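First the structure, in the form of structure tokens, and then the observations on it.
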Amino acid sequence: MNDECIQQEAEEDLLAATWFKLTDVEHIVYRDLNWPAERDFITADSYILLVSDAQEGRLIVSGQFVQLKQGTAFISKPGQLLELGLQPEDVQGVYLLRFQAFRVAQAETGNSAALQPLHSLPGEGEAIPLAPAAAVQLAKVVHTHFLQGQPADRLRSEAGLYELLSLVLQNQAHKTAMALDYAKYVLERNFTEEITIESLAATAGLSRFHFMRLFKEKFGKGVIEYVTELRLRKAKSLMRELPNASLREIAYQVGYKNEMYLSNMFKKHMGMAPAVYMKNSNLKVAAYSWVNIGQLLALQVIPYAAPMDQYWTDYYRNKYAYDVQVSLSHHYDFNRLALEQAKPDYIIGIDWIPPEEQEKLGSIATALFLPWQASWRKQLLEVAAFIHKTKESAKWLHNYDRKAAELKAVLKPRLEDRPVLIVLIHLKQLLVWGKAAATVFYDDLGLKAPDQLHITPWVKKIDPAKLADYEAGHIILHVAKDSVSQAAWQAIAKEDAWCELPAVRAGNVTVTSGIAGIEAPWNEYSAFGQERLLHHAAAMFEAAAAPK
């Protein structure tokens, strides 16, 4: 009997002897949230079954990111810290069903039964896609009847909870997910050997094409990409455990035939040579806020502790989640406890953290709180001096300025002296990028900013009819890839206010897409973030210049 069958039988035995008790039901929509004025945290004092009716949203579970779609179900266990994020247009929201779970066991003497609290449930900690029509309707029924409070209504709510849990554990999507999990488990046990996609697909009971597509959908990366990640992860582990081992020995142990190939793959995926990684891996630096991560990465230091719940991109989670050994949240008490246990060498934050909290963090480790109003360059230099990486910062800035100068020499003749306006379409919003957001374009690449832009530091929501006020000679337009944003762009493109803009009539519009998080540039206001944006700028103009 294979491991998957054993696991399934164990789950069935467990559920057959489990009793569930619904204790509370809550419906939360966007207007109920305090974010961005303050974070919204939910402490799970019992099991929580979340059912999403929102088309798009996020759930952060003890610092870990979970994507929400309509019909997504998620079971969290007691003691976890939850944070919800919903879109401003959302009116459907999510349903939170709090419940307790007990195992019904025979007492050691007599025929009476005893209730033992369960500490784990099948399906917990995983976003499970359910049919929205069934799951959301059930959640609404549970919510409605629970609020009415009559005994018969409460009984209907209890029945609805059982039905929802059965959907979670028995739906076909979940069974497929379990098959994919098992194939992933097989891959994780054998990644140093030659293993074919065909054999993994057969393990999951799927065709090769179907398996590859579902694997990437579920885990966010292709099979080959995941094998590379596993091998590099193992290589990093060996580098820390066996500091005297040669790169050749490590390459052989992780499944590569020579050290040169391992070195090249390592540089490509980690942005640093194996020798640099080994040198810096003993430096335990806590990046307290999102933006601090990019200041450290530019110095080729991967944070020991950091928030990995970036909602605007999965870039940092995919590349660095394994190396970030302590996940932080945005909850002061949660972070303080995590850092007290982690004992980092340094803590780096931003000065918007309250003074009393700064003092508490400073008692845990030597701490630096960067002035948010300072430029990203000044912040980089302060971090470098703080962790004794001044040579590295000078080298990084030299290389960055060289790349910017090369791109500037290409763009200036092409754009001449025309004022350049950067416009974003995100969901149903039209946004203009301000001077601080677009510092790469206006300061480093020397593009001319519209005179009216000086009053907008980050982003400004705008009506299409007001775009003419900026008198832009060239427009860089970024359209998010989601269907709502694309539909909004199609509508704006037909409006007279857009079509009559001088830049549009002259064909001076550069359209791009796929730059994650561009609608909230303060999250990437770091040296590493600016470098990534510089690469995006080069790519978008290369694409615009390519023959059609």
Side-chain angles (χ1 to χ4, degrees), residues 30 54-57 69-70 87-91 311-313 407 410-411 414-438 440-442 445 447-453 455-521 523-524 532-548:
Y30 177 81
Q55 296 291 334
E56 183 178 351
K69 300 288 185 183
Q70 190 176 38
Q87 296 295 337
E89 298 83 3
D90 173 70
V91 293
Y311 62 84
W312 67 93
T313 178
L407 182 56
V410 173
L411 295 184
R414 187 185 303 176
L415 297 175
E416 300 172 339
D417 201 33
R418 298 191 296 269
V420 177
L421 183 68
I422 302 174
V423 180
L424 322 175
I425 297 177
H426 176 65
L427 299 177
K428 297 179 180 180
Q429 293 185 325
L430 183 65
L431 306 169
V432 167
W433 244 21
K435 290 291 292 292
V440 167
F441 293 91
Y442 298 134
L445 297 179
L447 304 186
K448 184 177 180 180
D451 293 336
Q452 300 86 340
L453 206 63
I455 60 174
T456 304
W458 292 106
V459 296
K460 178 182 179 181
K461 187 176 179 180
I462 193 171
D463 186 90
K466 295 293 184 180
L467 286 175
D469 295 346
Y470 288 91
E471 300 178 348
H474 193 102
I475 294 175
I476 297 175
L477 173 68
H478 181 273
V479 185
K481 286 188 173 182
D482 63 274
S483 59
V484 176
S485 300
Q486 293 291 327
W489 163 229
Q490 294 299 322
I492 291 172
K494 297 174 183 178
E495 293 186 21
D496 291 341
W498 174 263
C499 297
E500 294 301 319
L501 291 172
V504 176
R505 296 179 65 180
N508 295 329
V509 178
T510 302
V511 181
T512 185
S513 186
I515 304 178
I518 197 171
E519 71 281 356
N523 290 328
E524 293 282 358
R532 291 182 65 213
L533 187 57
L534 188 68
H535 290 318
H536 283 302
M540 72 174 68
F541 281 103
E542 284 176 8
K548 300 294 189 285

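Predicted model only: the values in this text are computed from it and were never measured.
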Handout entry: Test side chain to side chain contact (heavy atoms under 4.5 Å, CB included) applied to Lys428 and Val484, step by step
Key = CA-CA 7 Å; Lys428 297 179 180 180; Val484 176; 3.8 Å; yes
Are [X] and [Y] packed together at the side-chain level, in the sense that at least one heavy-atom pair is separated by less than 4.5 angstrom?
X      : Y      : result
Trp433 : His478 : no
Glu524 : Leu533 : no
Glu519 : Val459 : no

Let me confirm one number: the [atom1]-[atom2] distance from [X] to [Y], rounded to the nearest 0.5 Å.
X      : Y      : atom1 : atom2 : value
Ile422 : Ile475 : CD1   : CD1   : 11.0 Å
Glu56  : Asp482 : CD    : CG    : 6.0 Å
Leu447 : Leu411 : CG    : CG    : 6.0 Å

Exercise for the section: For the pair Leu415 and Asn508, evaluate side chain to side chain contact (heavy atoms under 4.5 Å, CB included) and give the outcome as yes or no after the intermediate values. Expected result: CA-CA 9 Å; Leu415 297 175; Asn508 295 329; over 6 Å; no
Counting N and O atoms only, with roles assigned by atom type, does the side chain of [X] sit under 3.5 Å from a partner on the main chain of [Y], one being a donor and the other an acceptor?
X      : Y      : result
Arg414 : Phe541 : yes
His474 : Asp417 : no
Trp498 : Val504 : no

Looking at every heavy atom in both [X] and [Y], which two are closest together, and how far apart are they?
X      : Y      : answer
Ser485 : Ile425 : O-CG2, 3.6 Å
Thr313 : Ala516 : CB-CB, 3.7 Å
Ala503 : Ala472 : CB-O, 3.7 Å
Phe441 : Ile476 : CE2-CD1, 3.8 Å
Ala493 : Cys499 : O-SG, 3.2 Å
Ala480 : His426 : CB-ND1, 4.2 Å

Exercise for the section: Assess whether atom CG of Asp463 is packed by more than 12 heavy atoms of other residues, nucleotides or ligands within 6.0 Å. Expected result: yes
Practice task
Dump the intermediate steps for side chain to side chain contact (heavy atoms under 4.5 Å, CB included) on Ile515 and Met540, then the final yes or no.
Solution key: CA-CA 10 Å; Ile515 304 178; Met540 72 174 68; 3.8 Å; yes
Exercise for the section: Please list, chain by chain and in numerical order, all residues satisfying salt bridge (Lys or Arg N to Asp or Glu O under 4.0 Å) with Glu500, sequence neighbours excluded. Expected result: Arg505
Problem - Identified side chain to side chain contact (heavy atoms under 4.5 Å, CB included) partner of Ile492 from the options Val423, Leu467, Val479, Leu430 - result: Leu430
Handout entry: side chain to side chain contact (heavy atoms under 4.5 Å, CB included) evaluation trace for His536 with Thr512
Key = CA-CA 9 Å; His536 283 302; Thr512 185; over 6 Å; no
Problem - Residues that Pro450 engages under side-chain contact (heavy atoms from CB on, under 4.5 Å), provided they are two or more places apart - result: Pro419, Leu421, Tyr442, Gln452, Leu453, Tyr470
